[in-house]
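Sequence positions, counted from 1, serve as the residue numbers for this chain.
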Amino acid sequence: MSKIRRRPGFTLIELLVVIAIIAVLIALLLPAVQAAREAARRAQCTNNLKQMGLAYHNYLSASDGTVPPLFVDNYAGGSQPCSGCDDAQNWSSHARLLPYMEQQPAYNAINFNFGSRWGPGVSNDPAAGGLYSVINGTVVTMQIASFLCPSDNQPGRASNSQIILGQRSSPFTATSSYPANLGLHRGYNNWRTNGPNYISTSWDGALKRNVTLTDFTDGTSNTAIFSEWIKGTGIDPAGSKDGLGIVYNTGPGYPGDSVGPPYVAGYPLDRAAAIACDKSLTRNWTWKGEWVFYGKTMHYSHTQTPNRRSCVTGDFGRLGNMISASSLHPGGVNVLLGDGSVRFAKSTINFQTWYGLATVDGGEIISSDSF
């Protein structure tokens, strides 16, 4: 009688062991894959800022060293195309860099006789663009890939951030991950902006007509021009979860009851305002990043260090906002410096170093290994 030969196979225990080993390998592999993907996204984000840096320097060469303004403030009147056209030059520095980023057709489509937003006879409804945005609708809705960080897929605009309020067919406005550095809180600096980006005006003595390379007495390699922020979710702030995409109201202890003293070494009031912001619990808005070509919203400040809570206060107006630099890159944010280089500033950067990078002529001494 012949013996029955058993076919080779796995026992149940062996099969379970194999499955467990595969599960462990997948658990080890997935973080590595995600890290590799994020490294690629961060590299792309760095490259975007480098492209903006090249465009920035080409702009400087074409304008005799004059820095592109955040916007031109002509509220006091002057030569304007129509009565009440106070916002006719509210175009952001991003718009002014377009010809130097291989976006000449987009730049040519801008009608600089009118602003990117608002206009005469139009209510300043924050949910709509107004007459000017209708006139310049082709550009203000044009999304530029170089202005977007691939690590951040948040919309950066509210669901009703349209050119024409209430029209479902009205396209959404373009967004950006890269705001311009306005400096520190101007309410604590005799109402003057002290960053490289500025509001050009001829009537407000606290502001500047222009900023040029000769103003960078701290050195271009020690001055931040653009950084990045996490765009907002656009969801109703009251129903949003806390996060870096939200802008809060200033918290308790905010030193805003009176204007601070002149520029003081150590920036005690800026630091106190930042600490108060960290304590804030009231969400204000969640559409950070919208209207890339509207200069009045496309800037951040260095009062808060990277990846800390952003705040806004009503008593100092839009230019007193403490919108922080932030990113979804682990550990810090990319920063474009005035010399065209891009550095990664850690979230743990010393606040005095971060404050020093904010100004063009603060006289701070910044070591190359301090961030």
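Ser227 pairs by the side-chain contact (heavy atoms from CB on, under 4.5 Å) definition with Tyr300, Ala325, Val333, Val335, not counting sequence neighbours. Cys277 pairs by the disulfide (SG to SG under 2.5 Å) definition with Cys311, not counting sequence neighbours. Partners of Phe293 according to the ring pair (Phe, Tyr, Trp, His ring centres under 6.0 Å) rule, which considers only residues two or more places apart in sequence or in another chain, do not exist here. Applying the side chain to side chain donor-acceptor pair (under 3.5 Å) criterion to Glu102, with sequence neighbours excluded, gives no partner residue. Contacts of Thr348 classified as side-chain contact (heavy atoms from CB on, under 4.5 Å), with partners at least two apart in sequence or in another chain: Lys346. For Ile21, the side-chain contact (heavy atoms from CB on, under 4.5 Å) partners two or more places apart in sequence, or in a different chain, are Val17, Leu25. Residues meeting the ring pair (Phe, Tyr, Trp, His ring centres under 6.0 Å) test with Tyr107, sequence neighbours left out: Phe112. A search for side chain to side chain donor-acceptor pair (under 3.5 Å) contacts involving Asn48 returns Gln44, Tyr178, not counting sequence neighbours. Qualifying side-chain contact (heavy atoms from CB on, under 4.5 Å) partners for Thr141, counting only residues two or more places apart in sequence or in other chains: Ile163, Pro171.
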Pair Val292-Phe147, side chain to side chain contact (heavy atoms under 4.5 Å, CB included): steps then yes or no: CA-CA 8 Å; Val292 58; Phe147 289 154; 4.0 Å; yes

Check against side chain to side chain contact (heavy atoms under 4.5 Å, CB included), Lys288 and Ile323: CA-CA 9 Å; Lys288 177 156 57 78; Ile323 311 298; 3.6 Å; yes

Begin from the C-alpha positions of Asn197 and Asn181 and carry the test side-chain hydrogen bond (donor to acceptor under 3.5 Å, both in side chains) through to its verdict. CA-CA 6 Å; Asn197 299 290; Asn181 167 32; 5.8 Å; no

What verdict does the side chain to side chain contact (heavy atoms under 4.5 Å, CB included) test give for Tyr59 and Leu97, after you've listed the backbone C-alpha separation in whole Å, the side-chain angles of each residue and the deciding distance to 0.1 Å? CA-CA 7 Å; Tyr59 181 100; Leu97 293 181; 4.0 Å; yes

Evaluate side-chain hydrogen bond (donor to acceptor under 3.5 Å, both in side chains) for Thr303 paired with Asp270, printing each intermediate quantity in order. CA-CA 6 Å; Thr303 297; Asp270 278 279; 2.8 Å; yes

Going through the distances and angles, do Ile349 and Trp354 end up as a side chain to side chain contact (heavy atoms under 4.5 Å, CB included)? CA-CA 7 Å; Ile349 187 173; Trp354 187 242; 3.9 Å; yes

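At distances below 3.5 Å, not a single donor-acceptor pair connects side-chain atoms of Asn47 with backbone N or O atoms of Ala43. The closest donor-acceptor contact from the side chain of Thr223 to the backbone of Gly219 lies under 3.5 Å. Between the Thr286 side chain and the Ile235 main chain, a donor and an acceptor come within less than 3.5 Å of each other. With hydrogens and angles disregarded, a donor-acceptor distance shorter than 3.5 Å links the side chain of Asn136 to the backbone of Gly115. At least one donor-acceptor pair closer than 3.5 Å links the side chain of Lys231 to the backbone N or O of Asp152. For His302 (side chain) and Leu182 (main-chain N/O), no donor-acceptor pair under 3.5 Å exists by modelled atom type. Under the 3.5 Å distance criterion, the side-chain polar atoms of Trp91 are left unmatched by any main-chain donor or acceptor of Tyr294.
Under the 4.5 Å side-chain criterion, counting only non-hydrogen atoms from C-beta, Phe172 is not in contact with Pro155. The shortest distance between side-chain heavy atoms of Gln352 and Glu364 does not fall below 4.5 Å. Proximity of Val360 to Thr217: side-chain heavy atoms (C-beta onward) are nowhere separated by under 4.5 Å. Side-chain contact check for Cys149 versus His329: some heavy-atom pair is nearer than 4.5 Å. At least one side-chain heavy atom of Leu60 sits under 4.5 Å from a side-chain heavy atom of Val67. You'll find the side chain of Val72 stays beyond 4.5 Å of the side chain of Asn90, heavy atoms only. Leu148 has its side chain within reach of Gln143: a pair of non-hydrogen atoms, C-beta onward, lies under 4.5 Å apart. Within the 4.5 Å cutoff, the side chain of Phe114 has no heavy atoms near those of the Leu131 side chain.
Side-chain contact annotation: Thr212 with Thr214, donor-acceptor N/O pair under 3.5 Å present. When only modelled atom types and interatomic distance are considered, Asn249 and Thr282 share no side-chain donor-acceptor pair under 3.5 Å. A donor and an acceptor atom, one from each side chain of Ser341 and Asp339, are located under 3.5 Å apart.
Listed by first and then second residue, the salt bridge (Lys or Arg N to Asp or Glu O under 4.0 Å) pairs that reach into residues 273-284 are Asp242-Arg283, Asp278-Arg308, sequence neighbours excluded.
Between the CG atom of Leu98 and the OG atom of Ser146 there is a distance of 10.0 Å, given to the nearest 0.5 Å. Between the CE atom of Met298 and the CD atom of Glu290 there is a distance of 8.0 Å, given to the nearest 0.5 Å. Summarising the geometry, atom OG1 belonging to Thr233 is positioned 11.5 Å from atom CZ belonging to Arg157; distances are rounded to the nearest 0.5 Å. Here Leu70 contributes atom CG and Arg96 contributes atom CZ; the two are 9.5 Å apart, rounded to the nearest 0.5 Å. Between atom CE of residue Met142 and atom CD1 of residue Ile110 there is a gap of 10.0 Å, rounded to the nearest 0.5 Å. Remark: Leu337 CG to Thr220 OG1 distance equals 8.5 Å, nearest 0.5 Å.
Checked against a 6.0 Å centroid threshold, the rings of His94 and Phe226 count as neighbours.
Of all the heavy atoms in Ser116 and Trp291, the pair that sits closest is O-CZ3, 3.5 Å. Heavy atoms only, all atoms of each residue included: Trp287 and Pro237 are closest at CZ3-CD, 4.2 Å. Closest non-hydrogen pair, Ile225 versus Phe216, comes out as CD1-CE2, 4.0 Å.
Seen from the ring of Tyr132, Arg117 does not count as a face-on cation partner, given the 6.0 Å and 45° thresholds. Under a cutoff of 6.0 Å and an axis angle of 45°, Arg271 and Phe351 form a cation-pi pair.
Each of Ser176, Pro306, Ser326, Ser327 was checked for a side chain to side chain contact (heavy atoms under 4.5 Å, CB included) with Trp229, and the lone residue meeting it is Ser326.
No single ILVMFWY cluster, assembled from side-chain heavy atoms under 4.5 Å apart, contains both Ile366 and Phe344. Criterion: ILVMFWY side-chain heavy atoms under 4.5 Å apart, direct or through other members. Under it, Tyr100 and Val342 are part of a common hydrophobic cluster.
Cluster note: Leu54 groups with no other residue, as no ILVMFWY side-chain heavy atom lies under 4.5 Å from it. Alongside Leu328, the hydrophobic cluster contains Ile230, Leu244 (criterion: ILVMFWY side chains under 4.5 Å).
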